[in-house]
Structures are given as C-alpha cells and as structure tokens.
K.L.:
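Here it is: the structure, laid out below.
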Amino acid sequence: MSSHHIVRDDQEPALIIANGEACSRDLLDQLLEWSPLVIVLDSAIERVIELGIKVDVLIGDFDRNFEYEKYKDLQFPIDVIKVDCQNSTDLDKAYNYLIERNIPAANVVWATGRRADHTFSNLTNVVKFADQLKIVILDDYSKVFLLPRKYKKWYPKNTPISLIPLGKVDGISTNNLAYSLNNESLELGFRSGSSNHVVEDGIVDITYTDGYMLMMECFD
C-alpha cells in the first residue's frame with residue numbers, strides 16, 4: 001500500500017480526497033508525497049483503497065447505510081470520524097476538522113466533475129473558511145483558490161487565468177493580464193473574468209477592495 005508519510009509537520013497542507021471525478025495518478029502522487037495528513041470523504045474510501053493509498057482520516061455523515069467501522073481494521077491505524085450534521089457537506093466537515101487541529105492549509109482533489117451541484121458547492125464554499133484555512137482545489141485542468149485582496153505572482157506568457165467573483169467584487173485592478181481591469185467590478189451571473197491570460201512572462205498583479213474572488217489557474 002502506498003505510503004505518503006514523507007513529511008510529518010502540521011504546517012504542511014493536508015490532502016483531502018473528495019468523491020468527484022478522479023484526477024490523474026501523477027497529480028495525486030505529487031500531492032501525496034508532501035502531505036503529512038490524508039483525509040478521505042465518506043464512501044470515496046473504497047475508490048482510494050483500490051489505488052493502494054494509506055489514509056489517516058475517514059470523515060463524513062456516513063449515510064446510506066455506509067459501513068464505516070470496517071475501515072478501522074482495513075486501514076489501521078486510521079481515525080474514523082462520524083459527523084451527524086446534514087447542514088454541512090462532507091468537505092466542510094473535513095475543513096472544520098483541520099481547523100480544530102490548527103492545520104493551516106489543505107489541498108483538495110476529486111472535488112470537481114461528476115455532479116454539477118457538488119462541484120459548484122465545493123468551489124464556492126471555500127469563502128466560509130477564508131479567515132481560518134488556506135484551501136487549494138486541484139484537478140487535471142485547473143488550480144482554484146480564494147484570491148487575497150493583494151496578489152502578486154510570476155507567470156509564463158499566455159497562462160490562462162480566470163477571475164470568478166463570489167457575488168459582487170468591487171475595486172478590481174489588474175496588471176499583465178490581456179483583459180485588464182482598472183478599479184472595476186465583477187459580479188457572478190452578470191460579469192465574470194473568465195478566460196483571461198497573461199500578456200508577458202512576469203509578475204501578475206491583482207488587487208480588489210470588497211468581496212470575495214476565486215483565482216483559477218488553468219491548464220488547457
């Protein structure tokens with residue numbers, strides 16, 4: 001069974017494996033190599049075991065007569081955590097678990113694809129944890145995270161970047177993006193910043209004053 005315990009430091013991002021479309025094994029292995037803690041959501045455990053991956057935590061509400069107790073032996077040692085709350089998603093339950101353990105960051109895979117409602121919820125719910133947890137959602141085509149109010153990062157020319165507002169976002173200014181913004185607003189459902197790209201090799205600079213916005217680094 002594959003081991004991911006190369007790093008043992010709660011300051012490193014945990015890895016959460018949700019139950020959407022699987023990513024490539026290459027991406028999964030890259031994340032496992034540097035993840036001190038691997039959390040799997042609910043019935044996704046069966047798919048993860050088939051890949052020969054050792055899990056540290058299994059968490060969820062375990063509905064639909066899910067027989068979770070057996071994994072205490074199959075994946076020993078493992079923490080199996082049943083959270084009886086229908087007002088939060090299993091992914092939210094994993095975030096809350098990390099916050100309680102004072103782990104500051106999480107990479108999330110298998111959180112997109114398959115059901116559209118789950119994908120939309122997984123991408124937008126990150127705003128609830130903005131002040132407590134740094135969350136990055138990854139699949140084979142994109143890297144998604146909540147953008148801080150002031151952001152600078154070096155990118156290669158033509159890197160696809162999308163800015164997706166969660167509600168309305170005001171006072172947006174950008175530098176080194178093809179479709180620039182100068183103290184402008186984006187609003188979900190009315191005006192988004194999807195399918196932009198980097199003009200030249202160098203620093204992309206993005207600032208905004210109000211609201212919450214997702215950054216999507218895309219890999220076509």
Side-chain angles (χ1 to χ4, degrees), residues 2 4-5 7-23 27-28 31-32 34-51 53-139 142-146 164 166-167 212 214 216:
S2 175
H4 53 81
H5 296 151
V7 180
R8 266 299 174 195
D9 183 352
D10 279 355
Q11 298 308 303
E12 295 288 336
L15 177 62
I16 301 174
I17 304 177
N19 203 13
E21 190 68 28
C23 65
L27 174 58
L28 189 57
L31 295 170
L32 284 167
W34 298 105
S35 297
L37 182 74
V38 175
I39 301 173
V40 173
L41 305 186
D42 215 290
S43 58
I45 186 69
E46 287 291 344
R47 299 167 63 195
V48 171
I49 288 176
E50 288 177 1
L51 295 175
I53 294 170
K54 177 68 183 74
V55 174
D56 297 301
V57 180
L58 171 63
I59 192 167
D61 53 24
F62 306 142
D63 54 3
R64 300 180 300 278
N65 298 316
F66 180 63
E67 297 179 6
Y68 58 91
E69 289 287 347
K70 65 181 181 182
Y71 299 104
K72 292 181 179 179
D73 293 327
L74 291 174
Q75 284 272 301
F76 181 86
I78 184 175
D79 289 330
V80 178
I81 301 171
K82 187 175 189 293
V83 182
D84 292 315
C85 178
Q86 294 298 319
N87 293 323
S88 65
T89 68
D90 287 336
L91 189 51
D92 286 353
K93 293 175 176 63
Y95 293 152
N96 285 319
Y97 170 84
L98 293 178
I99 291 167
E100 290 172 3
R101 284 193 50 173
N102 294 315
I103 296 174
N107 293 320
V108 185
V109 293
W110 297 15
T112 59
R114 296 195 174 186
R115 284 183 51 170
D117 56 343
H118 289 173
T119 296
F120 186 80
S121 176
N122 291 341
L123 292 175
T124 56
N125 279 8
V126 298
V127 70
K128 293 191 294 186
F129 305 94
D131 297 328
Q132 300 167 289
L133 194 62
K134 182 179 179 181
I135 300 167
V136 179
I137 297 177
L138 304 107
D139 59 30
S142 57
K143 175 182 177 181
V144 184
F145 54 94
L146 195 64
I164 307 299
L166 299 178
Y212 295 95
L214 295 178
M216 296 187 176

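Values reported hereafter were calculated over all heavy atoms of this structure, with side chains retained and with hydrogens, waters and symmetry mates removed.
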K.L.:
Applying the side chain to side chain contact (heavy atoms under 4.5 Å, CB included) criterion to Trp110, which one of Ile16, Val48, Val40, Asp139 satisfies it?
P.N.:
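Passing option: Val48.
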
K.L.:
Answer yes or no: is there a side-chain heavy-atom contact under 4.5 Å between Ile17 and Ile39?
P.N.:
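Ile17 vs Ile39: side chains apart.
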
K.L.:
Report the distance from atom CD1 of Ile137 to atom CG of Asn107, rounding to the nearest 0.5 Å.
P.N.:
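The distance works out to 10.5 Å.
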
K.L.:
Could you state the interatomic distance from CZ (Phe76) to CD1 (Ile78), rounded to the nearest 0.5 Å?
P.N.:
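These two atoms lie 11.0 Å from each other.
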
K.L.:
Are any of the side-chain heavy atoms of Pro104 and Leu133 separated by less than 4.5 Å?
P.N.:
no

K.L.:
Output yes when Glu12 and Lys134 qualify as a salt bridge under the 4.0 Å nitrogen-oxygen rule, no when they do not.
P.N.:
no

K.L.:
Using a 6.0 Å cut-off, check whether atom OH of Tyr212 has over 12 heavy atoms from anything other than its own residue.
P.N.:
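Atom OH in Tyr212 is not packed in, count stays at 12 or less.
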
K.L.:
Begin from the C-alpha positions of Leu28 and Leu15 and carry the test side-chain contact (heavy atoms from CB on, under 4.5 Å) through to its verdict.
P.N.:
CA-CA 9 Å; Leu28 189 57; Leu15 177 62; 4.3 Å; yes

K.L.:
Just wondering, do Leu214 and Val127 contact through their side chains at under 4.5 Å, heavy atoms?
P.N.:
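Not touching, per the 4.5 Å side-chain cut-off.
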
K.L.:
Where do Phe62 and Asp42 come nearest, in terms of heavy atoms and distance?
P.N.:
N-OD2, 3.0 Å

K.L.:
What is the minimum heavy-atom distance between Leu91 and Val108, and which atoms define it?
P.N.:
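Between these two residues, the closest heavy atoms are CD1-CG1, 4.0 Å.
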
K.L.:
A side-chain contact here means heavy atoms from C-beta on lying under 4.5 Å apart; do Val57 and Asp79 qualify?
P.N.:
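Answer yes - side chains close enough.
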
K.L.:
Can you confirm whether the side chains of Arg114 and Asn19 place a donor and an acceptor under 3.5 Å from each other?
P.N.:
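Side-chain D/A pair, Arg114 to Asn19: absent.
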
K.L.:
If only atom types and distance count, is the side chain of Thr124 paired as donor or acceptor with the main-chain N or O of Phe120 below 3.5 Å?
P.N.:
yes

K.L.:
Does the side chain of Leu37 come within less than 4.5 Å of Arg101's, by heavy atoms?
P.N.:
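In contact.
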
K.L.:
Quick one: does Thr119's side chain have a donor or acceptor within less than 3.5 Å of a partner on Arg115's backbone?
P.N.:
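Confirmed, Thr119 side chain pairs with Arg115 backbone.
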
K.L.:
Flag the pair Lys54 / Val38 as yes when at least one side-chain heavy-atom distance between them is below 4.5 Å, and no otherwise.
P.N.:
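Answer no - side chains too far apart.
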
K.L.:
Looking only at heavy atoms, what is the nearest atom pair of Gln75 and Val55, with distance?
P.N.:
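So the two residues come closest at OE1-N, 2.7 Å.
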
K.L.:
Work out which heavy atom in Ala44 is nearest to a heavy atom in Ala18; give both atom names and the distance.
P.N.:
CB-O, 3.2 Å

K.L.:
Quick one: pull up CD1 in Ile53 and CG in Asp56 and give me the separation to the nearest 0.5 Å.
P.N.:
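Result: 11.5 Å between the selected atoms.
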
K.L.:
Determine whether Leu166 and Leu146 satisfy the following criterion, side-chain contact (heavy atoms from CB on, under 4.5 Å), listing intermediate values before the conclusion.
P.N.:
CA-CA 10 Å; Leu166 299 178; Leu146 195 64; 4.1 Å; yes

K.L.:
Are the side chain of Asp92 and the backbone N or O of Ser88 linked by a donor-acceptor pair below 3.5 Å?
P.N.:
no

K.L.:
About how many Å separate NZ of Lys143 and CG of Leu138, when rounded to the nearest 0.5 Å?
P.N.:
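The distance works out to 6.5 Å.
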
K.L.:
Out of curiosity, Ile135 CD1 to Phe129 CZ, how far, rounded to the nearest 0.5 Å?
P.N.:
6.0 Å

K.L.:
Regarding Tyr95 and Glu100, is there a side-chain donor-to-acceptor distance under 3.5 Å anywhere?
P.N.:
no

K.L.:
Report yes if some heavy atom in the side chain of Ser121 is under 4.5 Å from a heavy atom in the side chain of Thr89; otherwise report no.
P.N.:
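A side-chain contact exists here, since the closest heavy-atom pair is under 4.5 Å.
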
K.L.:
Within this structure, what is the NZ-CG distance for the pair Lys72 and Leu58, rounded to the nearest 0.5 Å?
P.N.:
10.0 Å

K.L.:
In plain terms, say whether Lys82 and Asp61 are close enough for a salt bridge, that is, a side-chain N and a carboxylate O under 4.0 Å apart.
P.N.:
no

K.L.:
Is there a donor-acceptor contact under 3.5 Å from the side chain of Glu21 to the main chain of Thr112?
P.N.:
no

K.L.:
Between Leu98 and Ala106, what is the shortest heavy-atom contact and its length?
P.N.:
CD1-CB, 3.6 Å

K.L.:
Could you report the tightest heavy-atom contact between Gly60 and Asp90, atom names first, then the distance?
P.N.:
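Shortest heavy-atom contact: CA-OD1, 3.4 Å.
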
